[in-house]
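Residue numbers begin at 1 in each chain, while the letters A, B, ... track the order of the sequences.
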Amino acid sequence: MKILNLIVVVITGAILIYGTMDMPGWGDPDSPASLHVSPRYITKTMEETATPNMVTSVLADYRAYDTLGETTVIFTAGMACILLLRKRRNGHG
Amino acid sequence: MIEQAPVLIVVIPLIFAFITPLIGWWRKELCYPWIILSLTLSTFCSVITLLTVINTGVIHYHLGGWLPPWGIEYAVDYLNAFVLVIVSFTSLTVAVYSKKSVELELPEKTIYFYTVFLLQATGFFGIIVTGDMFNLYVFLEIASLAGYALIAVGEEGAPMASFRYVIMGTIGASFYLLGVGYLYMTTGSLNMADLARLLPDLYGSKVVLVAFTFLIVGVATKMALFPLHGWLPDAYEKAPSSVSALLAPLMTKVSAYVMIRIMFTVFKPYFSIEMLPVTTILSWIAAAAILYGAVMALAQTDLKRMLVYVLLSEVGYLVLGIGLANKNGLTGTILHIMNDACMMVALFMIVGAIVYRCGNREISQFRNLHRRMPFTMAAFVIVGLSVVGIPPTCGFFSKWYLILGAVDTSQWVLAGVLVLSSLLNAILFFRVIEYAYIEPRGGHDNGGESLAVVREEAPLTMLIPIISVTAGIVLLGLLSGRIVSTVIQFAIPACF
Amino acid sequence: MVDFIVGKYNYWIYIVLMMIGFYAMIGKKNLIKKIIGMNIFQTAIILFYVSIGCKKGATLPILGHAHGHAGQAIQTSAYINPLPHVLMLTAIVVMVATLGVALAIGIMIYLKYNTLEEDEILKAVK
Amino acid sequence: MGVIVSIKPLLAVLVTLVAAVLILFTGERNRNLREFWTLLASIIKFSIVISMVPLILKGNIIEYTIISLTPGIALQFRIDSLGMFFGVLASFLWIITSVYSIGYVRSLDEHAQTRYFFNFALCLSATMGIAFAGNLLTLFIFYEILTVATWPLVYHKETEEAIMAGRKYLVYTLTAGMAILFGIILIYSLTGTTDFKPGGFLSGCGSANILRFIFVILILGFGVKAAVMVLHEWLPSAMVAPTPVSALLHAVAVVKAGVFGCLKVILYVFGPELLHELNLWLVLAYFVSFTIIVSGMYALAQDNLKRRLAFSTINNLAIIIMGAAMLTPSGIKGAIFHMGSHGFMKITLFFVAGAIYVKTHKENISELDGIGRQMPLTMGAFAIGAMGIAGIPPVCGFISKWYMALGTLEANEVFFLFVLLTSAMMDIAYFFPIIYSSFFKKPKEDVIPCFNEAPMMMVIPLMVTAIISIILGIFPNAFFNFFNIASTAAGKILGGM
C-alpha cells in the first residue's frame, strides 16, 4: 500500500515537472501571464478605481465577485463548524 | 429584472443564507419556509434564464461591469441554463422534502443545517453559471465545504466518511487549482471564452497538456469516477437522508457539467479527442465504472448503500457519453444529467422516507412494505424501471442515445457494456421490488393469512416531492424528444 | 542549460513540496498528519501561484507616486503582476476554511473514538 | 386508400390505462365497482377498435402521432390491416376473459385481486399499443411495458414456484428486450428511421452481414416472447399463473405480441424481397421447424394439462412464424389468420383447464378420466378446441393450416409441408387421448358422474369461444370480416414489393 501511494505521488510529481519544461522562466517579464490581462490592472488602476494598491483594486473591484465568494467560504466554514461541534444542551450526550 | 436573472440565481440564496441564522435565532421554525422561498426564487430565475437563452441566445453578464478578460463574467448558454434549471428544481424538491427528516435526524441543529444546505445549493449554482475558471474554483469549494459538513452530521461513522471525503475532495480541488495555474501561466487569462480563444495556438505546449490532465483528474475526483471513487460510498451512505438526496444527484451532475465545459468549451473538441486520447481513455474508464458500480451494488444488502453503488455506475454513464465524443453520445450525457438527477433524487428521497417510517434500510426487511407505504413503493417501482431503462421512463432515452452514440462510432464493446448494465440494474431493482411486493406463502392456502399491516405512508412533505419527481420521470421520458430538439441539440458544441 | 535550471528550479521546489503534502494526505494513517499534509500541499500551490506573478526588476504592485504625479506614464514592467496575489488571497481563505472544517471533523472523530489513527477508527466503526 | 388521422388508437390504449388506475383506487373496498370498471373498459375498447375496421378494410391507414421521441422517430400509432387484426383479436378476447376471470378469482377467492385486475388492464393497454404501433420504437416501448406488467401476474400465487417462474420470466424477457433494443438502435443508426413499411424499409441500407446480424437479434429478441425453442423455457414455468392469465396472456397477448413482433420484423422491416436476397427466410423456416417438431414431442410427454397446452402453444406460434417465413401470399394470409384462430382455440382450451381446476382442483391429465360426464359442456368445448388445433374441419384451425400448407407449396418447399402435417399428427396424438379418457373411461371415485359444471361465469365464455371457433371455420368472414382483414394485410405486404 505504501509503495502504491509512493508510486502515485512520484508519477504526479513527474507529470507536474514535465509540465514545467515549457514554462516561461521564473520572473520573466515577457511571460504571457504578465502581458495578457495584468497590464490593465497596473496601468489603469488609478484611472479606473482610484486605488494605488493594485492588489486591492483587483481584489475589491475588478474581481470583487471572487472576494464575495471568499467571504462566503469563510461563512460556510463557520456555519459548518457550528453545525458539527455545537453540543446538545439537553437530552442524551 | 430579467437581465439580472443569471446573477440573481446565485445571489438570492447567498443573501438568504447569510440571513438564515438570524431568522433561526428569532423563530426556529421559519428557517424551513425561508429556504424554500429562496430556492423557489432561484428556480424561477433559472427558468427565466433558460427561456431568455432560448429566445435570445447566449447571455453574457459582466459582474461589476468589467469586461471579460479583466473582470468576472457569467456566460450562460444552452448547456448551463439547462443544468441550472435541473439543479435548481432538484434542490428545491429536496428542500421541501427535508422538513421531516431533519426534524427527526438533527432536531438540535435545524438552523445551521438549513444555512449550510442553502450554501450548498449556492455553491452548485455558482459553479454552473460562471464563465471564469478561478471563480468556479471558489464556488466549488463552497459547495465542497458545505458538503463535508452536511455529511459529517450523519449517522454512526459519518465523520470518518466525511473526513475521507475532505481529503479526497481537497486533492481534487487542488489538482483543479493547479491546472488553472498552469493554464494561467501560459495564457495569462482565467476567462473560459478567452482561454478558448488563446489556447489553440498553444496546444503543443507541455504546460497545456499537464494543465488539461490535472483539470480532468481533479474534476473526476469530485465526481467519484471509478478509480477515484473511494470516498463516495461511505460518505453518501452515512449522510442524513436529505443530504444524500441533495448531494448524490447533484455533486456528480455538476462535476459532469464542469467536465464537459473543460473538454469542449475551454479546450476545443479536437484537442480533447485527437491530440490526447482522453476521450478514449475516459470511455473505457467509464465502462469499468458502470460495471464496477453495478456489480458492487449486487453485493449490498442495505438499500441506501446499493443506491450509492448504482450512483457510481450512473457516473459511468455520464462519462461514457463524454468519452464517446459524438453528437449522440453527448446528447445522451446531457439528457442523462437531467434524467439521472431526477432518478437519483427520487431514489434517495424514497430511501429517506422508508428510513423515516421503518427505521431500517435492509432490503430483506422490506416485506409488506407495499401495504405499509403504497405510494412510496409505487414510486420506487417506477423510478427503478427508469434506472433499468424500461421505456417510456426517461432513463430509457438517455440509454438510447448513449448506445446510439456507441454504435455510431462502432464501439461495440461499450454498447455491450451499456446493455449488460441494464440487465444488472434489472436484477438489482427487481430484487428489491420482489422483497417489497411479494409475500411468499407456503402451499395453496390462498389468502389465508392476510397480514394486518397498518398503512403508514410517509408524511406529505416527503410524499409530495417523491410523487412529483416520479411523475416527472415519466413525463420527461415522453418529452425527451422535445427537450432534445429545443435545448440539448444546441447545448452540444457546434462541431459535432 | 543553466538558464533553464535557474528559470525553473523554484517551480521544482514547489512541486516537491506539493508532493510531500500529497504523500502525507494519501499515505499517512494519522488524521492530523493528513491535515498537515493537506496544508503543505495547498501552501505549495500558493507559492507556485505567487511565483507566476513575479517579474525580474519589478516592485510591489502599489503605485509609489499615486498622489501628485498624475499623468506620468506607468510602466507595466515596473510592477509585478497583481492578479496571482489576488487569487491567492482568496485561495488562502479557502485553505483556512477547509482546514477549519477538517479540524472540526477531526474533533468530532476524536470525541467519538478517542483516537486519531485511521485504522483504529475503521476498526471501531465496524 | 389514404391516411386518416384519428385519435381513436390513442383512446383505445388509454381506456384501459384509465381503467387500471380506477381499479387501483377502487381496490378491495368495492369489488363490484372494480369489476365494473374492467368490463366497462373492455367493452368501450372493443367498440373503439371495431369502429375502425371499416376504414381499414377500405385500404386506409389510421395514424396518430403523439409526440416526437428523437429526431426521426415519433411515438406514433399507425394501424394497418395486420395491426387491426391483432387489435380486434386481443380486445375481443379481453371481454370474454374478463368475464371468465371474475368467475375464476371469485370462485377460488384469490388474494390480491386488485393487483390482478390492475395488471391485467395494464397488459391490455400495452398489447393494444403493440398492435397499433407505427414504428419499431413505439412497438418496443409497449412491448417492455407488457413485459413488466405481466410479471406480477406470473408470480401471482406467490408460492416459491411462482416466484421462481416470475424471475425466469423476467430474465428471459428483459434480456430479449435488450437484444431488441440493440437491433432497433442498429437500424436507426443505419437508416435514421424505424417506421414500419409494408414490404420492408431496410433494403439497400448497410452491408449484408450487418443486416443479417440485425435480423438474427431481432428475431431472437421477439422469439423469446414467441417462445421459439431453446428460448421457450419461461413459458411452461409461467403456467403456474392463474388460468385466465395463462389463457389471455400466454395464449393471446404476450406470446402473440412476440409473434406479432416477428411478423412485423419479417414483413414490415426486412420485407420478403430482402429476406430472399439475404437467404434468411429458409434459415428462419428451418429454425422454427425444429421448434415445431420438438415442442410437439415435449407436449406428448407432459402430464400437467396446462403445461401440455403451453407446449402446444409453442408449437403453434412456431407454425405461425413458419407460415410467414414462406413469404408467399397464402403463407402470410394463413399465418395471420392463424394468429386469430389459434387465439380463439387455445383460449378455449385454457378456459377448460381453468374450469376443471376451479371445480375439482385437478391439474393433471391422468386424473381426468371420466370428467366429461361431470362437465359435458366444458369438455365438449375442449374437444372443439383440440380439433381446431389439429386442423380438422370445420373448426377454424383448418382454414389457417390449409393456407399455410398452400404457402409452403407456393414456395416450393415440400419439406415444410411435411413439418406441418407431422405437427398436426402430433396435435391429434396429445389431445385426443384426453378427450377419449374424459368421456369414455371409467370415472375415478371422486368424480361425480352427474352434471356438475363450473360457475356459469366461466362456462359461458368458454362456450362462446368454442362456438366462434366453429363459426370462423365455416364462415371465415363472419366475425367482423376477420379473414378479409388478414388477406388485405397479406396483399399490402406483397404489393409493397
Taking atom CD of B:Glu362 as the centre, does the number of heavy atoms from other residues, nucleotides or ligands within less than 6.0 Å exceed 12?
-> yes
Name the orientation class of the two ring planes belonging to D:Trp151 and B:Phe430 (parallel below 30°, tilted from 30 to 60°, perpendicular beyond 60°).
-> perpendicular
By a 4.5 Å heavy-atom criterion (distance strictly below it), what part of B:Ser485 contacts chain D: side chain, backbone, both, or neither?
-> neither
Hey, which of D:Leu190, D:Leu137, D:Thr147 has the most heavy atom pairs under 4.5 Å with chain B?
-> D:Leu137
Is it the backbone or the side chain of D:Leu75 that comes under 4.5 Å from a heavy atom of chain B, or both, or neither?
-> side chain
Part of B:Ile483 within contact of chain D (heavy atom distance under 4.5 Å) = neither
For residues 210-220 of chain D, tabulate all N or O donor-acceptor pairs below 3.5 Å that involve a side-chain atom, not counting sequence neighbours.
| residue | atom | partner | partner atom | Å |
| --- | --- | --- | --- | --- |
| D:Arg212 | NE | D:Leu278 | O | 3.3 |
| D:Arg212 | NH1 | D:Asn209 | OD1 | 3.4 |
| D:Arg212 | NH2 | D:Leu278 | O | 3.4 |

Residue B:Glu434 versus chain D: region with a heavy atom under 4.5 Å | both
When only pairs under 4.5 Å are counted, which of D:Phe182, D:Tyr188, D:Phe142 shares the most heavy-atom pairs with chain B?
-> D:Tyr188
Distance in Å, D:Leu181 CG paired with B:Phe396 CZ, rounded so as to fall on 0.5 Å steps = 5.0 Å
Give, for atom CG of B:Leu479 and atom OG of D:Ser68, the distance between the pair rounded to the nearest 0.5 Å.
-> 10.5 Å
Residue-level contacts of residues 116-126 of chain D with chain B, using a heavy-atom cutoff under 4.5 Å = none
Against chain B, label D:Leu170 side chain, backbone, both or neither, depending on which of its atoms sit under 4.5 Å from a heavy atom there.
-> side chain
Looking at B:Ile433, B:Leu404, B:Val484, B:Ile390, which one has more heavy-atom pairs under 4.5 Å with chain D than the rest?
-> B:Leu404
Neighbourhood of chain D inside residues 414-428 of chain B, taking heavy atoms under 4.5 Å as contact = B:Ala415, B:Val419, B:Ser422, B:Leu423, B:Ala426
Please examine the side chains of B:Ser480 and D:Thr70, heavy atoms only from C-beta on, and report whether any two atoms are closer than 4.5 Å.
-> no
Taking every heavy-atom pair that is under 4.5 Å apart, which of B:Leu478, B:Leu385, B:Val381 has the most such pairs with chain D?
-> B:Leu478
Expected contact set for residues 467-476 of chain B against chain D at heavy-atom separation under 4.5 Å reads none
What's the spacing between B:Thr393 OG1 and D:Glu144 CD if we round to 0.5 Å?
-> 9.5 Å
Any idea which heavy atoms bring D:Ile67 and B:Arg482 closest together, and the distance?
-> CG1-NH2, 3.8 Å
Decide if atom OH of B:Tyr435 counts as having more than 12 heavy atoms of other residues, nucleotides or ligands within a radius under 6.0 Å.
-> no
Closest approach of D:Leu69 to B:Gly477 (non-hydrogen atoms, all atoms of both residues) | CD2-O, 4.5 Å
Measuring heavy-atom distances to chain B, does D:Tyr143 have an atom under 4.5 Å in its side chain, in its backbone, in both, or in neither?
-> neither
Shortest non-hydrogen separation from D:Glu158 to B:Tyr437 and the atoms involved | OE2-O, 3.9 Å
Looking at CD of D:Glu160 and CD1 of B:Ile438, how far apart are the two atoms once the value is rounded to the nearest 0.5 Å?
-> 10.0 Å
Kindly check if the number of other-residue, nucleotide or ligand heavy atoms within 6.0 Å of OH (B:Tyr292) is above 12?
-> yes
